[in-house]
Amino acid sequence: MEDQTNIRVVCRFRPLNDMESQRSQVLCVNFISDQTVSINSQSESAENLKFTLDKVFSPSSSQESVYDFAAKPIVEGVMQGFNGTVFAYGQTSSGKTFTMTGPNLEDPITMGIIPRMINTVFESIYKSDGNTEFTVKISYCEIYMEKIKDLLNPCEVNLKIHEDKLKGVYIEGIKEIHVGNDSEVYELMKTGSDNREVAYTNMNAVSSRSHSLFIITISQTNSKDYSAKIGKLFLVDLAGSEKVGKTGAAGLRLEEAKHINKSLTALGQVIFSLTDGKSTHIPYRDSKLTRVLQDSLGGNSKTSLIVTCSPSPYNESETISSLRFGIRAKTIKNKPKINREYTVAELKLLLAKSKEEIEKRDKMITRLEEKLKNQGDSILDISTSFSNPGEKIDADDIMDEINDLKIRLEEQVGISNQLKQVNDKLIFDLAEIKSDHAMMSQELKDAEQRTSFAEKSVKEQEAFIQKLVMTNESLEKNLESETENKIALERIVSEKESEIIQLKQEILMKDTQGQQKNMNEFRISPEEHEELKKQISILKKELENAKEQKKVIVNDLMKALDDNQQLKDNQLSRNRRTGVYEIVSPEIKNLKEENDELKKQLRQSQVIGNRMSRVQESPIEFINIKNENEKLKLKVLDLQKTINDILTIKPSETKNQENTELKMMIEKEKAYFEKDRKSWEAERESIMRDLENRCNRVISLEIDLDMAKDSYRNLEKNIGKNEQTLIMNIQRMDNYLSKLTTDLQRELIAKQKLVNDCQFYEKRQKDQEEKIKLLENECEDLKKKEIRLEYKLKNNEEEAFYGMGVKRGPTINFGNIRKPIKGGFTNDMRKSMVLGKINEIGK
Ligand SMILES: Nc1ncnc2c1ncn2[C@@H]1O[C@H](COP(=O)(O)OP(=O)(O)OP(=O)(O)O)[C@@H](O)[C@H]1O
C-alpha cells in the first residue's frame with residue numbers, strides 16, 4: 001500500500017509596506033505560536049479566526065528559515081526519486097515572488113526558494129558517490145490567460161497538457177534544457193523572468209499577471225546496478241488573488257484579473273473536492289493550472305504550500321481567505337512514490353525467489369503424487385498421513401496443508417503477476433528500444449547525409465579556393481604589369497623632367513629682367529624644344545636678312561654722309577669766299593661734329609647689328625639694342641631739329657641761294673635719315689613682334705607643360721589609386737582565403753565530429769542491438785517461465801481443489817536464467833545520456 005502524506009502548509013507574513021504603514025501602523029495579526037496565528041477582525045470572533053498550520057512565519061522571518069522548513073524536505077525527496085511541488089499562494093503583493101525567487105538570485109541572504117533549491121540539488125549531486133550519473137533539466141513556463149507559454153522558448157505560447165501512464169501529467173513540447181551548474185540555472189531563470197507577463201498595479205509595482213511554473217527534472221542512473229530514478233520538482237509562483245477594485249484593474253488588466261481569479265477558483269474547487277470526503281470527481285480539467293498541478297494535489301508528489309499574507313488591517317479579508325485556503329489544503333492527502341526502475345539485482349532476487357518457490361511446490365506435488373499412488377484412488381480417506389505413508393493422519397493437518405497451499409498459491413499468483421508486470425515492462429522497453437533503434441538509424445542516416453553534404457561543400461569550397469588562387473595570380477600579374485607601366489611612365493616623366501630642366505636652364509640663360517616673369521617652373525617637351533629651335537633659326541635667318549639690309553642702309557648712309565661732307569667742304573670754301581662762312585661756321589661746325597658723331601654711331605650700330613645676330617641667344621642683347629636704338633632715334637631727332645633750326649635762320653640775300661642748296665642737301669639728308677629711321681623702326685617692330693610671339697609661345701608652352709604636369713600627377717595618383725585598390729583586393733582575397741581556410745578547417749572538424757558521432761551511434765546501435773537480443777532472449781525465457789508457472793499453478797490449484805487423482809499434464813522442466821535482468825531506462829533518461837555523451841565528445 002502506498003504511503004499517504006498530507007500537504008505541508010505554512011504561512012508567511014511580510015512586513016508592512018509603505019502604503020500600508022501610511023494607513024496604519026497597527027497589525028491585524030497575532031502570532032500565537034510558531035504554528036498558530038489569529039487575525040483581529042471587527043466582523044468575526046477571534047476564535048473563528050485562529051489558524052493552525054504546519055508553521056507560521058512572522059514578518060521578521062528569514063528566507064533561509066522559510067526554505068529550510070517548507071522547501072528543503074521537498075527537494076531532498078526529489079533527490080530520492082519523488083516528485084515534489086512547492087507553491088506560493090496569496091493575494092497580490094503579499095510576497096509570493098519574494099518568497100519563491102527573492103529579490104536577488106545570487107545573494108545568499110535574500111535569495112528565494114528556487115535558487116536555494118538549485119543549490120541543494122547541485123550540492124547533493126556533488127556529494128553523491130561516483131556511481132550515480134545525474135542529469136538535470138530545466139523547463140520554465142507561465143499560464144497566462146489560460147494559455148501555457150514557454151518562457152525559455154517564447155514563440156511557444158499555447159502548449160498543451162497531456163497525460164500518460166508512465167510520465168503522468170506533462171506539458172507537451174515544452175523546452176527542457178540540460179544544465180550543469182547553478183549559474184546556468186540562474187541564467188535560464190533570468191531569461192525566463194524577462195519573458196514573463198508582469199505589470200504595474202495599484203497594489204504592486206511589478207505584479208505577476210500569470211502563474212509561473214519552474215520545473216526541475218533530476219534523473220539518476222546507477223552505473224553499478226543500473227537502477228534509475230527520476231524526480232520532478234514543480235516550483236509554482238501563482239498570480240495574486242486580487243480584488244479588482246483594489247488593484248484598479250481595467251481593460252487588459254481586468255481581463256487578466258478575471259482569468260487569474262477563475263483559475264484560482266478552480267484550484268479552490270479542486271482542493272475542496274479533494275478534502276470534502278464526498279466528491280468522486282476532482283475537477284482538475286477545469287483550468288490549466290489545476291491540470292498541471294494534478295499530481296501535486298492528491299497525486300504522486302510531496303507538496304508544500306506557502307500562503308503569503310499581508311499583516312495590514314487594510315488587507316484583512318484577503319488574509320483571512322488565504323489562510324482558510326491553506327487550512328483546507330492542509331488536509332489533502334498525496335500518495336508520493338519513488339519513480340524508480342527495478343535494478344538487475346532486484347529482478348534477479350525476484351526470479352530466484354520464484355524459482356525457489358516453484359521448486360518447493362514441485363517437491364510438494366511429487367510428494368502428493370506419491371501419496372496418491374500409495375493410497376489408491378480413494379480421496380475420501382483423508383486420515384492418510386502425508387509425511388509417513390501408511391500412517392493415519394489428522395484431517396486438520398490436511399486442511400492446514402490445503403490452507404498452506406492456498407496461501408502459497410496466492411503468493412505464487414502475486415509473483416506471477418509481478419513477473420507479468422516485469423514482462424510487460426520488458427516488452428514496453430523492447431518496443432522503446434526498437435523505436436530508439438529506428439530513431440538512431442535515422443540519425444545515422446542523417447549524419448551520413450550531413451557528412452556527404454559536408455564533403456560536397458568542402459569540395460566546392462576547395463574548387464572555389466582554387467579559382468580564387470588563380471584570380472589572385474592573374475591579379476598579381478596585372479599588378480606586376482601595372483607596376484612596370486608605372487616604372488616606364490616614371491622613367492619617361494623623369495626624362496621629360498630632365499629635358500625640362502635642361503630647357504629651363506637654356507631659357508633661364510635667355511631670361512631677361514622684367515620680361516621674364518616667373519620662369520622657375522618653365523619646362524618644355526622635346527618636340528616643343530625642336531619647334532622653338534626651328535623658330536629661332538627662322539628668326540636668325542630673318543635677322544641675317546635684316547642685318548644685310550641694314551648694312552646696305554648704313555653704307556648708303558655713309559655714302560650720303562660723305563657726300564654731305566663734301567658738300568659742306570665745298571660750301572665752306574664758297575662761304576669763305578662770300579663771307580657767309582663766319583655766320584654759319586659754328587652751326588656748320590656743329591653739324592660736322594654731329595655728322596661725325598652720327599658716323600660714329602652708325603659704326604656702332606654696325607657693331608650693334610652684329611650683336612643683333614646674337615639676339616636669339618639672349619633677349620638682353622635685344623633690349624640693349626633697343627635702348628641704343630631709342631637713343632639713336634632721339635639723337636636723329638635732335639639733329640633734325642638742329643638742321644631745322646639752322647634752316648629757319650634768315651640769312652642775307654646773298655646767302656639765300658646757298659641756303660637753299662644747303663636746305664636741299666639737308667632735306668636730302670633728312671630723307672635719308674627718315675628712311676633709315678623707318679627701316680630701323682620696322683626692324684625693331686618685327687623683332688619686338690617676334691619676341692612677343694616667342695613670349696606667347698613660351699607661355700603657351702608653359703601652359704601645356706602645366707597641363708602635362710597635371711596629367712602626370714593625375715596619372716601618378718591613378719596609378720597610386722590602382723595600386724592601392726589592387727593591394728586592397730589582394731588583402732581582401734587574403735582575408736577571404738584565410739576565412740575560407742578557417743571554414744574549411746571548421747568543416748573538417750565538423751566532418752570529423754560527424755564521423756565520430758557516426759561511430760558513436762554505430763557503437764550505440766550495436767549495443768542497443770545486443771541489448772535488444774538480450775532482452776528478447778530474456779523475454780522468451782520469461783514467457784516460457786510464465787507458461788510453466790501458469791501450468792504448474794493450474795495443476796496445483798486443481799490438485800488443491802480436487803485432491804489427489806486429478807489428471808495432470810506433462811511436467812515442464814524449468815530452465816535456468818542465463819543472464820541477469822538489467823533494469824531498463826526511460827526514454828528521457830536514455831536521450832539525456834546520449835546528449836551527455838555527445839556533449840562530452842563536443843568538449
Ligand atoms: N518577506 C518580505 N520581506 C520584505 N519585503 C517583502 C517580503 N515579501 C514581499 N516583500 C516586498 O513586497 C513587494 C511585493 O512582493 P511580491 O512582488 O513578491 O508580491 P507578489 O505576491 O508576488 O505580488 P503579485 O501577485 O502582484 O505578483 C515587493 O516589493 C517585495 O520586495
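All ligand and atom numbering here is 1-based and tracks the order in the structure. The structure presented is a predicted model; accordingly, all values stated were derived computationally and were not measured.
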Item to complete: With heavy atoms of Pro15 as the reference, note each atom of ligand 1 found under 4.0 Å away.
Response: 1 (N), 2 (C), 3 (N), 4 (C)
Worksheet entry | Cation-pi, Phe57 ring and Arg14 (6.0 angstrom, 45 degrees) | no
Discussion item. Side chain or backbone, does Thr97 bring an N or O within less than 3.5 Å of an N or O on ligand 1?
Written reply: yes
Item to complete: Would you please say whether a donor-acceptor pair under 3.5 Å links the side chains of Asn83 and Ser301?
Response: no
Discussion item. Any nitrogen or oxygen of Gly95, side chain or backbone, less than 3.5 Å from one on ligand 1?
Written reply: yes
Practice prompt. For Gly240, take its heavy atoms, then give the atoms of ligand 1 lying under 4.0 Å from any of them.
Written response: 25 (O)
Response to the item:
To atom 8 (N) of ligand 1, the nearest of Gln63, Arg12, Arg14, Lys96 on a heavy-atom basis is Arg14
Worksheet item: Does Tyr89 have its ring centroid less than 6.0 Å away from the ring centroid of Phe325?
Response: yes
Worksheet item: Can Ser93 be said to touch ligand 1, with heavy atoms closer than 4.0 Å?
Response: yes
Item to complete: Would you mind listing which atoms of ligand 1 come within a distance below 4.0 Å of any non-hydrogen atom of Gln91?
Response: 21 (O)
Practice prompt. Output yes when the distance from some N or O of ligand 1 to some N or O of Ala239 is under 3.5 Å, and no in every other case.
Written response: no
Item to complete: Provide the full list of side chain to side chain donor-acceptor pair (under 3.5 Å) pairs with a residue in residues 146-157, sequence neighbours left out, each pair given once.
Response: none
Worksheet item: salt bridge (Lys or Arg N to Asp or Glu O under 4.0 Å): which pairs involve residues 98-123, sequence neighbours left out?
Response: Glu106-Lys190
Worksheet entry | Lys72 NZ: over 12 foreign heavy atoms closer than 6.0 Å | no
Worksheet item: What part of Pro103, side chain, backbone, both or neither, has a heavy atom within less than 4.0 angstrom of ligand 1?
Response: neither
Practice prompt. Please confirm whether Phe234 and Phe214 have ring centers closer than 6.0 angstrom.
Written response: no
